[in-house]
2 protein chains.
Amino acid sequence: MQITRETDYAIRCVLYLTSRTDRVVMVDEISREMAAPKSFLAKILQKLVKADIARSFRGVKGGFQLSREPRDITLLDVIEAVEGSIALNACVLDRTACGFSSTCAVHPIWIGLRAEFNELLKKHNFADIAGTKPSSDREP
Amino acid sequence: MQITRETDYAIRCVLYLTSRTDRVVMVDEISREMAAPKSFLAKILQKLVKADIARSFRGVKGGFQLSREPRDITLLDVIEAVEGSIALNACVLDRTACGFSSTCAVHPIWIGLRAEFNELLKKHNFADIAGTKPSSDREP
DNA sequence: TAAAATAGGAGAATATATATCTTATTTTCA
DNA sequence: TGAAAATAAGATATATATTCTCCTATTTTA
Ligand code: SF4
Ligand code: SF4
């Protein structure tokens with residue numbers, strides 16, 4: 001019922017790239033700054049590239065950069081880039097996962113909740129998130 | 001990002017008990033009807049008892065029964081009975097799980113999402129769910 | 001062409017989910 | 001009163017998923 005560490009790393013990563021849109025950033029730097037294991041993060045960045053959230057450059061002077069405006073990248077985008085389509089119960093993504101799905105009274109509820117939940121996640125984009133002051137920084 | 005099989009079994013179980021509030025039901029019967037492994041289900045029922053969702057009776061003629069009105073048992077109640085408090089990211093349940101929590105811009109978002117999500121789950125009680133016709137049963 | 005970076009695949013280590021088994025306790029009723 | 005039938009509780013096994021590393025290939029720069 002939680003996002004994985006991998007997904008959290010991905011979010012930190014996009015958040016860091018949001019603060020460095022002016023240049024190309026190496027995995028090593030993101031890894032250091034966001035305290036995520038370098039080789040794991042490299043894999044995660046590949047997923048972000050496939051999802052057209054980041055762009056990569058190889059070779060000397062290579063690295064990563066966001067490929068879209070932070071305002072056009074939502075929490076849902078990043079989560080789905082890493083975990084694929086999400087749902088709160090297996091039967092939502094694959095009806096055949098459960099023999100009861102055609103008669104089950106809970107099944108349609110999970111489907112509805114998935115839609116509502118995804119909407120909640122879509123509401124948060126990285127321009128807004130990067131602009132958010134954490135509670136401990138708020139003024140009196 | 002999904003509920004576990006254990007939790008789904010728990011929900012099926014409460015749903016079955018909702019349809020049999022007139023009597024005490026043995027684990028064996030729930031297991032058969034809801035296609036859940038008997039000894040696993042027995043463990044799950046212990047959690048439901050601890051959460052005051054079900055009541056148990058030992059010995060011959062023993063079994064289980066809901067201990068509250070179906071209308072007063074929500075999806076959130078059952079999920080929390082099985083999984084404990086839920087949140088979408090580890091730092092929400094335990095700030096110390098992540099060194100960034102005091103400065104992280106995403107942290108407060110997860111806290112807000114948790115509250116919104118829990119509200120969604122609270123809206124569904126078992127009286128309503130049991131009254132829901134699955135899509136395949138709807139009239140033309 | 002050497003050095004520095006990412007790409008991609010394989011796989012190891014660890015944690016979690018999914019059960020099962022065994023023994024103890026409670027309750028009924030012949 | 002004692003055998004049978006049920007749950008309680010704890011230990012343990014198995015499977016799967018998560019988390020992370022390593023190796024080799026490819027690309028790019030200078
Ligand atoms: S029992 Fe209902 S809710 Fe649970 S997996 Fe099957 S169809 Fe989905
Ligand atoms: S990085 Fe932020 S959101 Fe992620 S675990 Fe740490 S505090 Fe929570």
Side-chain angles (χ1 to χ4, degrees), chain A residues 1-13 17 23-32 34-67 79 81-84 86 88-90 93-94 97-98, chain B residues 1-13 17 23-32 34-67 79 82-84 86 89-90 93-94 97-98:
Chain A
M1 191 45 107
Q2 277 183 11
I3 59 161
T4 62
R5 279 319 81 202
E6 186 182 17
T7 304
D8 191 71
Y9 292 151
I11 292 168
R12 294 185 206 188
C13 182
L17 291 175
R23 60 183 175 86
V24 165
V25 184
M26 289 189 300
V27 176
D28 206 64
E29 177 180 339
I30 309 173
S31 166
R32 231 182 315 107
M34 295 290 100
K38 179 177 172 181
S39 48
F40 194 23
L41 191 57
K43 289 299 189 190
I44 295 168
L45 276 156
Q46 289 183 20
K47 293 186 183 181
L48 295 177
V49 168
K50 278 195 181 164
D52 189 31
I53 289 169
R55 194 189 345 257
S56 74
F57 301 91
R58 291 162 80 144
V60 181
K61 300 228 173 186
F64 295 86
Q65 195 174 42
L66 291 184
S67 62
I79 294 173
V82 174
E83 307 193 2
I86 58 172
L88 301 170
N89 201 342
L93 294 174
D94 175 14
C98 174
Chain B
M1 188 49 103
Q2 277 185 10
I3 59 161
T4 63
R5 279 320 80 203
E6 186 181 17
T7 304
D8 191 71
Y9 292 152
I11 292 168
R12 294 185 206 188
C13 182
L17 291 175
R23 61 183 175 86
V24 165
V25 184
M26 290 187 301
V27 176
D28 206 64
E29 177 180 339
I30 309 174
S31 166
R32 232 183 315 108
M34 295 289 100
K38 180 178 173 180
S39 50
F40 195 22
L41 192 56
K43 287 298 187 192
I44 295 169
L45 277 157
Q46 289 183 21
K47 294 187 182 180
L48 295 177
V49 169
K50 277 193 184 167
D52 189 32
I53 288 169
R55 199 191 340 258
S56 74
F57 301 91
R58 291 163 79 143
V60 181
K61 299 229 173 186
F64 296 86
Q65 197 174 40
L66 292 183
S67 63
I79 294 172
V82 174
E83 308 193 1
I86 57 172
N89 201 344
L93 294 175
D94 175 14
C98 174

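What you are looking at is a predicted structure, and each value in this text was computed from that prediction instead of being measured. Numbers restart at 1 for each chain; the letters A, B, ... are given by sequence-line order, proteins then strands.
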Select base, sugar-phosphate, or nothing to describe what B/Lys38 touches, counting heavy atoms under 4.0 Å on all strands.
nothing

Under 4.0 Å, heavy atoms only, any strand: does A/Val27 hit a base, just the sugar-phosphate, or nothing?
sugar-phosphate

If you compare every side-chain N and O of [X] against the phosphate oxygens of [N] (OP1, OP2), does one of them come in below 4.0 Å?
| X | N | answer |
| --- | --- | --- |
| B/Gln46 | D/dT7 | no |
| B/Tyr9 | C/dT18 | no |
| B/Ser56 | D/dA6 | no |
| B/Lys61 | C/dC29 | yes |
| A/Thr4 | D/dA17 | no |

Nearest-angstrom distance from the residue atom [atom1] of [X] to [atom2] of [N]:
| X | N | atom1 | atom2 | answer |
| --- | --- | --- | --- | --- |
| A/Ile3 | D/dA17 | CD1 | C1' | 16 Å |
| A/Phe40 | C/dA12 | CZ | C1' | 14 Å |
| A/Arg55 | D/dT28 | CZ | P | 14 Å |
| A/Asp28 | D/dT21 | CG | P | 13 Å |

Quick one: the side chain of A/Arg58 and the base of D/dT28, do they pair up donor-acceptor inside 3.5 Å?
no

Could one point to a donor on the side chain of A/Arg5 or the base of D/dT19 with an acceptor on the other under 3.5 Å away?
no

Quick check: closest heavy atoms across B/Val82 and B/Lys47, and the distance to 0.1 Å?
O-NZ, 3.3 Å

Exercise: identify the closest heavy-atom pair between A/Tyr9 and A/Ala35:
CE2-O, 4.1 Å

Check every atom of [options] against the side chain of [X] and return the nucleotide holding the closest atom.
| X | options | value |
| --- | --- | --- |
| B/Ser39 | C/dC21, C/dC29, D/dT7 | C/dC21 |
| B/Lys43 | D/dT21, C/dA3, D/dG10 | D/dG10 |
| B/Val60 | D/dT19, C/dA4, D/dA5 | D/dA5 |

5′-ward residue of the pair B/Val25/A/Pro37 relative to DNA chain D:
B/Val25

Residues A/Leu41, A/Met34; criterion side-chain contact (heavy atoms from CB on, under 4.5 Å); working and verdict:
CA-CA 10 Å; A/Leu41 191 57; A/Met34 295 290 100; 5.8 Å; no

What's the separation between atom CD1 in B/Ile3 and atom CG in A/Asn89, rounded to the nearest 0.5 Å?
3.5 Å

Note: for A/Ala42 and A/Met1 on DNA chain C, the residue whose nearest nucleotide lies more 5' is A/Ala42

Taking B/Asp52's backbone N and O only, do any of them form a donor-acceptor pair with B/Ser67's side chain (distance below 3.5 Å, no angle check)?
yes

